[in-house]
Amino acid sequence: MDNSPVLAQIDGSLPNYNLENTPPMNSTENRVGSDFDSLMMLRCIELARRALGRTSPNPLVGAVVVKDGEIVGEGFHPRAGEPHAEVFALRAAGEAARGATVYVNLEPCNHYGRTPPCSEGLINAGVAKVVVGMVDPNPLVAGGGIARLRAAGIEVLVGVEEAACQQLNEAFVHRILYKRPLGILKYAMTLDGKIATTSGHSAWVTNQAARSEVHQLRAACDAVIVGGNTVRQDNPYLTSHQVGVHNPLRVVMSRHLNLPENARLWQTSEAPTLVLTEVAANPNVQEMLRQRGVEVVEFTSLTPDNVMAHLYERGFCSVLWECGGTLAASAIANRAVQKILAFIAPKIVGGSNAPTPVGDLGFTTMTEALPLENVRWRVIGSDCLVEGYLKRHT
Ligand SMILES: Nc1c(N[C@@H]2O[C@H](COP(=O)(O)O)[C@@H](O)[C@H]2O)[nH]c(=O)[nH]c1=O
Ligand SMILES: [Zn+2]
């Protein structure tokens, strides 16, 4: 049994908060709200994460209704087209919502989209106060929800646990701002920087704990991309390997469709597969793939940016690049990658021709190296994970 945080958050159990004796939290200078506000906002995030990987193009949102220090209603946005988090929480609270405080990790919407505006729902329910984690960057909302609530005489507090709320919806925010999904490049390498041996063997670079982390990462993403070479060499599943947990769309980029007749990715009962190629490439393989339930889309020019534009049109927020070095370099050069997740295993495999995570970027001096920012180092089991964002690389 995997006791990962993601599983703990999606198993549906309610935590046992003692609302009377909220433990003191470390105070930081610019903190917004009380310890209790923070606790409720973290609960919103926990609720929101129950829909991990299922809400795109919409964000992850959770809401909590509190009356006299007690939670009287909770809800989260389960998927696009379904009611928003506030609606579920207000429904659960019923009459108790009158005069209550509503916590929500994203500004309540103020527009008629697939669903009516939450601002109106909160006003009609007679709530006294709304505590918001972060402003919704969606130009249809962008402060309008907060203004509408204030105009109706509701007290609004904005920015409680803002960093955690921004982190939760970083892919949604990126999609809204740049009209592309957030591109995440993930790779696992040895301490001497190799992702496989000279012969191409790579199972496994990291240990089980790091691999479980990758499975959870896939559960949170809308698509995972590899090239034809990874299909031929590794024959991966690219699923989240957990029953009842979201699987991303598995995407293969292959210009010439020199792909094997049998591959795990062609078994589409567990998760869907999309093969992207160029116009008129290998009609026999296209036919073979379609017969197995694999979707095939032809591009005039198969570039990482054209692929990201296509996945944006499909409503995706986050795309995980799990490809080899050649495609990774081209995705970076094409600005299809913003975030890096590098797993490092403390072992040495050697081999001057053993493959490395990122192929040629055309740089000749170290000053050209792409720096990461907001870098975090974490130990996962016996391996290390370095996370960061490519600077000015949107
Ligand atoms: N999911 C969510 C919000 N999502 C906001 O609404 C937009 C989608 O609207 P619609 O097409 O009607 O679902 C989405 O882009 C985002 O700006 N807002 C909220 O108040 N609460 C929610 O739970
Ligand atoms: Zn809404």
Side-chain angles (χ1 to χ4, degrees), residues 9-10 40-66 73-93 97 100-125 127 129-152 154 156-162 164-182 220 222 246 311-318:
Q9 279 150 4
I10 57 179
M40 290 303 101
M41 194 56 74
L42 296 177
R43 176 64 184 154
C44 290
I45 293 176
E46 202 169 52
L47 290 162
R49 288 175 65 91
R50 289 199 188 158
L52 208 61
R54 301 180 201 273
T55 57
S56 293
N58 279 3
L60 290 160
V61 186
V64 174
V65 185
V66 174
E74 291 187 329
F76 64 94
H77 180 53
R79 56 186 300 145
E82 302 260 339
H84 289 178
E86 299 90 319
V87 174
F88 285 106
L90 289 173
R91 263 187 214 161
T101 297
V102 174
Y103 292 84
V104 58
N105 59 282
L106 186 73
E107 172 186 6
C109 68
N110 192 40
H111 67 291
Y112 285 88
R114 278 163 281 225
T115 65
C118 290
S119 53
E120 300 299 331
L122 291 160
I123 293 165
N124 294 338
V127 310
K129 183 173 174 180
V130 177
V131 180
V132 174
M134 63 177 271
V135 172
D136 186 344
N138 184 348
L140 293 171
V141 187
I146 292 165
R148 177 75 191 95
L149 294 171
R150 286 189 173 140
I154 295 174
V156 184
L157 180 62
V158 184
V160 171
E161 292 295 331
E162 175 159 16
C165 295
Q166 292 278 0
Q167 175 82 50
L168 175 74
N169 274 312
E170 64 171 355
F172 167 75
V173 171
H174 184 88
R175 174 185 165 83
I176 292 279
L177 295 183
Y178 302 102
K179 304 217 176 311
R180 286 285 184 277
L182 178 75
D222 299 312
H246 166 78
L311 297 177
Y312 172 80
E313 293 303 329
R314 287 173 90 114
F316 290 1
C317 289
S318 56

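Counting convention: from 1, in listed order, for ligands and their atoms alike.
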Novice: Ignoring hydrogens and geometry, is there a side-chain-to-backbone donor-acceptor pair from R175 to Y312 under 3.5 Å?
Specialist: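 Answer holds: yes.
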Novice: Under 4.0 Å between a Lys/Arg side-chain N and an Asp/Glu carboxylate O for R43 and E46?
Specialist: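 Yes.
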Novice: Tell me yes or no: between the side chains of Q166 and E170, is some donor less than 3.5 Å from an acceptor?
Specialist: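 Absent: no donor and acceptor within the cut-off.
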Novice: Main chain of M41, side chain of E161: is a donor-acceptor contact present, judged purely on distance under 3.5 Å?
Specialist: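 Here the side-chain-to-backbone pair does not exist.
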Novice: Counting C-beta onward and ignoring hydrogens, is there a side-chain heavy-atom pair between V141 and H111 closer than 4.5 Å?
Specialist: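 Yes, side chains in contact.
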Novice: Could you grab the protein N, O or S atoms closer than 2.8 Å to the Zn ion (ligand 2) for me?
Specialist: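 Sorted hits: H84 ND1, C109 SG, C118 SG.
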Novice: So, do C109 and C118 sit near enough that their side-chain heavy atoms are less than 4.5 Å apart?
Specialist: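 They are in contact (side-chain heavy atoms under 4.5 Å apart), so the answer is yes.
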Novice: Should we count CZ of R79 as having more than 12 external heavy atoms under 6.0 Å?
Specialist: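 Open.
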Novice: Let me know which protein residues bring a heavy atom to under 4.0 Å of ligand 1; chain then number is fine for ordering.
Specialist: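 Lining ligand 1: N58, P59, V61, H77, H84, A85, E86, E107, P108, C109, H111, G113, R114, T115, C118, D136, N138, V141, F172.
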Novice: Under 3.5 Å, which donor-acceptor pairs do the side chains of residues 132-139 form with other protein atoms, sequence neighbours left out?
Specialist:
from	atom 1	to	atom 2	distance (Å)
D136	OD1	N138	N	2.9
N138	OD1	L140	N	3.0

Novice: What donor-acceptor contacts under 3.5 angstrom involve side-chain atoms of residues 51-64, with partners at least two apart or in another chain?
Specialist:
from	atom 1	to	atom 2	distance (Å)
R54	NH2	G244	O	3.0
T55	OG1	N58	O	3.0
T55	OG1	P59	O	3.4
S56	OG	D222	OD1	3.0
S56	OG	D222	OD2	2.8
N58	OD1	R114	NH2	3.3
N58	ND2	H77	NE2	3.0

